[in-house]
Amino acid sequence: MDKYTFFENVFEVVKQIPAGKVTSYGAIAKYLGSAKSSRTVGYAMNASHLLIEKIPAHRVVNRNGLLTGKHHFGENKMQQLLENEGLNIINDQIQNFENHFWDPNRELMI
DNA sequence: GAGGTGACGACCC
DNA sequence: TGGGTCGCCACCT
């Protein structure tokens with residue numbers, strides 16, 4: 001039953017990220033109880049765009065606020081989407097990252 | 001069934 | 001300070 005894998009759990013969290021906010025792979029992993037599983041979170045994002053559901057994978061970046069996944073999402077597509085949500089990106093890096101950071105551990109607190 | 005890989009992160013020299 | 005290594009979970013060969 002409720003055999004929600006780490007993988008699927010990631011999607012549930014990512015889908016809850018409000019527009020104009022971003023989070024990190026590690027934050028999601030930590031929220032799910034496996035802080036060291038950030039790699040798996042990234043892998044989930046890779047598969048997310050294959051899903052029917054809309055997963056705002058562009059709102060998930062690494063801990064530096066760097067758009068490391070842009071190559072998979074679309075070179076300028078990812079940055080375009082983020083800028084469209086009011087974020088300022090320079091050199092593939094989100095400016096004021098902390099100010100736009102959405103921490104599931106703090107916002108969801110389940 | 002076993003080994004290698006990956007949109008990361010933390011630790012160790 | 002910076003480069004190298006391990007860990008974690010799921011997928012592919």
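The structure presented is a predicted model; accordingly, all values stated were derived computationally and were not measured. Labels below follow one simple rule: chain letters A, B, ... track the order of the sequence lines, proteins then strands, and each chain is numbered from 1.
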inquiry  = Using whole Å, what does the distance between atom P of nucleotide dG7(C) and atom NZ of K36(A) come to?
reply    = 8 Å
request  = Could you state the atom-to-atom distance from CG of N9(A) to C1' of dC8(C) in whole Å?
outcome  = 15 Å
query = Backbone N or O of L108(A) within a donor-acceptor pair of the N105(A) side chain at under 3.5 Å?
reply = no
inquiry  = What is the distance, to the nearest angstrom, from the CE atom on M45(A) to the C1' atom on dC9(C)?
reply    = 14 Å
note = Nearest-nucleotide check on DNA chain C, S38(A) vs F7(A); residue mapping nearer the 5' end is S38(A)
request  = Apply the test side-chain contact (heavy atoms from CB on, under 4.5 Å) to residues V61(A) and F97(A): give CA-CA distance (whole Å), side-chain angles for both, the deciding distance (0.1 Å), then the verdict.
outcome  = CA-CA 10 Å; V61(A) 296; F97(A) 178 58; 3.5 Å; yes
query = Quick one: does R59(A)'s side chain have a donor or acceptor within less than 3.5 Å of a partner on I17(A)'s backbone?
reply = yes
inquiry  = Using modelled atom types and a 3.5 Å cut-off, is there a donor and acceptor pairing between side-chain atoms of Q16(A) and backbone atoms of E12(A)?
reply    = yes
task = Taking atom P in both dG4(B) and dT5(C), compute the distance separating them and give it to the nearest angstrom.
result = 16 Å
request  = Nearest whole angstrom, please: distance from the P of dC11(C) to the CG of L50(A).
outcome  = 12 Å
request  = List the atom of F101(A), the atom of A27(A), and the distance in Å for their closest heavy-atom pair.
outcome  = CZ-CB, 3.8 Å
inquiry  = Quick check on contacts: within residues 57-70 of chain A, what sits under 4.0 Å from DNA chain B by heavy-atom distance?
reply    = A57(A), N62(A), R63(A), T68(A), G69(A)
message = Between the base of dC8(C) and the side chain of S37(A), is there a donor and acceptor pair under 3.5 angstrom?
response = no
inquiry  = Distance check needed: dG7(C) C1' versus R39(A) CZ, whole Å only.
reply    = 9 Å
Between OH on residue Y25(A) and OG1 on residue T68(A), distance to nearest 0.5 Å = 4.0 Å
key: First and last nucleotide of DNA chain B, 5' to 3', lying under 4.0 Å from heavy atoms of chain A   = dG6(B) to dA10(B)
request  = Look at atom NZ of K77(A) and say whether more than 12 heavy atoms of other residues, nucleotides or ligands are closer to it than 6.0 Å.
outcome  = no
ask   = Should the pair E107(A)-K21(A) be classified as a salt bridge under the 4.0 Å nitrogen-to-oxygen rule?
value = no
message = Quick check: closest heavy atoms across F6(A) and T40(A), and the distance to 0.1 Å?
response = CD2-CG2, 4.0 Å
